[in-house]
Amino acid sequence: MSTANRPSAADPLRILYRGPLASCNYDCPYCPFAKRNDPPDLLRADRAALRRFVGWVRDHPAEPVEVLFTPWGEGLTRSWYRDALVELSHLPHVARAAIQTNLSARLGWVADADPATLALWCTYHPGQVPLPRFLAACATLRAHGIRHSVGIVGLPEHHAAAVTLRRELPDDVYLWVNAADGHAYPPAEEAAWTAIDPLFGYSVRPHDSRGHPCRTGTGAISVLGDGTVRRCHFVQRPLGNLYDGTWEASRHKVPVTIGAPPAPAASEPCPNDTCDCHIGYVHLETLPLYDVFAAGILERIPHR
């Protein structure tokens, strides 16, 4: 493994935040949250939780961070996610403020964000939105200088749309393909998707992870709306809480200087047998993806 894969004192802490929001305005048949409506009290709780998290980031300027919002539903249809991204993008210690989105919401707000920091991980869902409308939204991002990747779920019925999408997008926009859960990919089908996304091979089969070193828990963490910190979205054991000091206590194995940025910790082995989601396996040290994505790890944009 190259030394470029190892954490350094200059590496930001990468935070994947997921609040209680689970509603979405799309009706994708492969998604359990399609057309789900959150009750008003849950939306209020989600808004308050996100404000608390942004406040924590704002009040901890000593440590460089990158933030990716990974809501179960669609966040950008909610004003508090748009406001949070704009605010985070202007904080000097935030190197990246990103979100996973279906890109259905209006995008006028991106003009208020710092384009050097804001990034969007965009998914095109055939059957939910006309392709010209989706491409127009991508063009808006490009006009504002907003970093973004574009992707699609690799179902057979999506292949023609993916080919068109690749043809219509600018060459420098990365088009990723997620292997569909439960779908087997014979060699010819895998090759057809790889022709669209050269990195599809990382998504198409689970990666052995048990006992292998992973940066999650040290260089990257998952934070829930109530502040519970886990090493990633796929390991349930909590590491503590972001807001009551218990996570910091468990994080530091050696004394630290008050007010100084914490020193990087050694990577820890994964407790799961396999890892099959990009936001998890991208952090495995057995894979070269930190070199592949470099500064675009959270928003899924390869280094070119």
Side-chain angles (χ1 to χ4, degrees), residues 5-21 46 49-72 75 81 84-85 88 91 93-100 117 119 121 207 209-210 212-254 256 260-272 275 277-287 289-290 293 295-300:
N5 278 336
R6 298 230 180 246
S8 73
D11 285 339
L13 174 66
R14 296 182 171 96
I15 305 175
L16 278 64
Y17 174 87
R18 177 175 288 163
L21 182 81
D46 184 73
L50 183 57
R51 285 178 169 173
R52 187 183 189 191
F53 172 73
V54 172
W56 182 91
V57 174
R58 184 178 58 244
D59 294 342
H60 288 76
E63 182 172 15
V65 297
E66 294 182 355
V67 176
L68 172 65
F69 295 137
T70 61
W72 285 123
Y81 282 90
L85 287 164
L88 289 172
L91 296 177
H93 65 293
V94 176
R96 186 73 71 235
I99 190 170
Q100 295 176 324
T117 304
W121 165 324
H207 299 278
S209 57
R210 182 175 292 276
H212 294 310
C214 182
R215 300 171 185 84
T216 59
T218 54
I221 58 172
S222 165
V223 176
L224 301 183
D226 64 358
T228 297
V229 176
R230 297 172 178 166
R231 63 177 301 170
C232 76
H233 285 326
F234 313 106
V235 177
Q236 299 303 305
R237 181 177 65 86
L239 301 178
N241 190 280
L242 194 69
Y243 304 126
D244 66 6
T246 55
W247 172 63
E248 284 294 333
S250 68
R251 183 186 188 194
H252 300 305
K253 305 295 192 299
V254 296
V256 295
S267 299
E268 297 184 359
C270 178
N272 294 344
C275 187
C277 184
H278 177 87
I279 59 175
Y281 64 68
V282 71
H283 302 291
L284 280 172
E285 289 200 28
T286 50
L287 300 177
L289 296 180
Y290 264 44
F293 288 94
I297 291 168
L298 290 190
E299 64 270 29
R300 201 172 180 174

Query raised in the report: Counting only N and O atoms by type, is there a donor-acceptor contact under 3.5 Å from the side chain of Asp46 to the main-chain atoms of Gly225?
Result: no
Query raised in the report: Has the side chain of Arg18 got a donor or acceptor atom that lies under 3.5 Å from a matching backbone atom of His233?
Result: no
Query raised in the report: Ignoring hydrogens and geometry, is there a side-chain-to-backbone donor-acceptor pair from His93 to Val57 under 3.5 Å?
Result: yes
Query raised in the report: Which atoms form the tightest heavy-atom contact between Leu21 and Gly75, and what is the distance?
Result: CD2-CA, 3.9 Å
Requested in this report: Indicate the atoms forming the closest heavy-atom contact of Tyr290 with His283, along with that distance.
Outcome: OH-ND1, 2.8 Å
Query - From Arg52 atom CZ to Leu242 atom CG, the distance as rounded to the nearest 0.5 Å - result: 8.5 Å
Requested in this report: Verify, without hydrogens or angle tests, whether Arg14 (side chain) and Glu66 (backbone) share a donor-acceptor contact under 3.5 angstrom.
Outcome: no
Requested in this report: Can you see which heavy atom on Val54 is nearest to which on Ala84, and at what distance?
Outcome: CG2-CB, 3.7 Å
Requested in this report: Please check if the side chain of Arg230 supplies one atom and the backbone of Ser222 the other of a donor-acceptor pair under 3.5 Å.
Outcome: no
Query raised in the report: How many angstroms lie between CD1 in Ile15 and CD in Glu63, if you round to the nearest 0.5 Å?
Result: 7.5 Å
Report task. Report the relative orientation of the aromatic rings in Phe53 and Tyr17; use parallel for angles under 30°, tilted for 30 to 60°, perpendicular for over 60°. Result -> parallel
Requested in this report: Check for a donor-acceptor pair, side chain of Asn272 on one end and backbone N or O of Phe234 on the other, with a separation under 3.5 Å.
Outcome: yes
Report summary line: In this structure, CG of Leu239 is separated from CH2 of Trp247 (nearest 0.5 Å) by 8.5 Å
Report summary line: Closest non-hydrogen contact found for Asp226 with Tyr243 is O-CD1, 4.0 Å
Query - Close side-chain approach of His207 and Leu284, heavy atoms under 4.5 Å - result: yes
Query raised in the report: In Å, rounded to the nearest 0.5 Å, how long is the span from NE2 of His212 to SG of Cys270?
Result: 9.0 Å
Query - Smallest separation among heavy atoms of Tyr281 and Arg300, with atom names - result: OH-NH2, 4.4 Å
Query raised in the report: What distance separates Ile221 CD1 from Thr228 OG1, expressed to the nearest 0.5 Å?
Result: 11.5 Å
**Report entry** Side-chain (Arg210) to main-chain (Pro271) donor-acceptor, under 3.5 angstrom
**Finding:** yes
Report task. Find out whether Leu88 and Phe69 are in side-chain contact, i.e. whether some heavy atom of one side chain is under 4.5 Å from a heavy atom of the other. Result -> yes
Report summary line: For Val282 and Arg215 the tightest heavy-atom approach is O-NH1, 4.3 Å
**Report entry** N/O donor-acceptor pair under 3.5 Å between Arg96 side chain and Ala295 backbone
**Finding:** yes
**Report entry** Non-hydrogen side-chain atoms of Leu85 and Val67 separated by less than 4.5 Å
**Finding:** no
Report task. Indicate yes or no: at least one non-hydrogen side-chain atom of Gln100 is less than 4.5 angstrom from one of Thr70. Result -> yes
**Report entry** Donor-acceptor contact present, side-chain Thr246 to main-chain Asn241, <3.5 Å
**Finding:** yes
Report summary line: Separation between CG (Leu68) and CD1 (Ile297), nearest 0.5 Å, reads 11.5 Å
Query raised in the report: Does Ile99 reach the side chain of Pro71, with side-chain heavy atoms less than 4.5 Å apart?
Result: yes
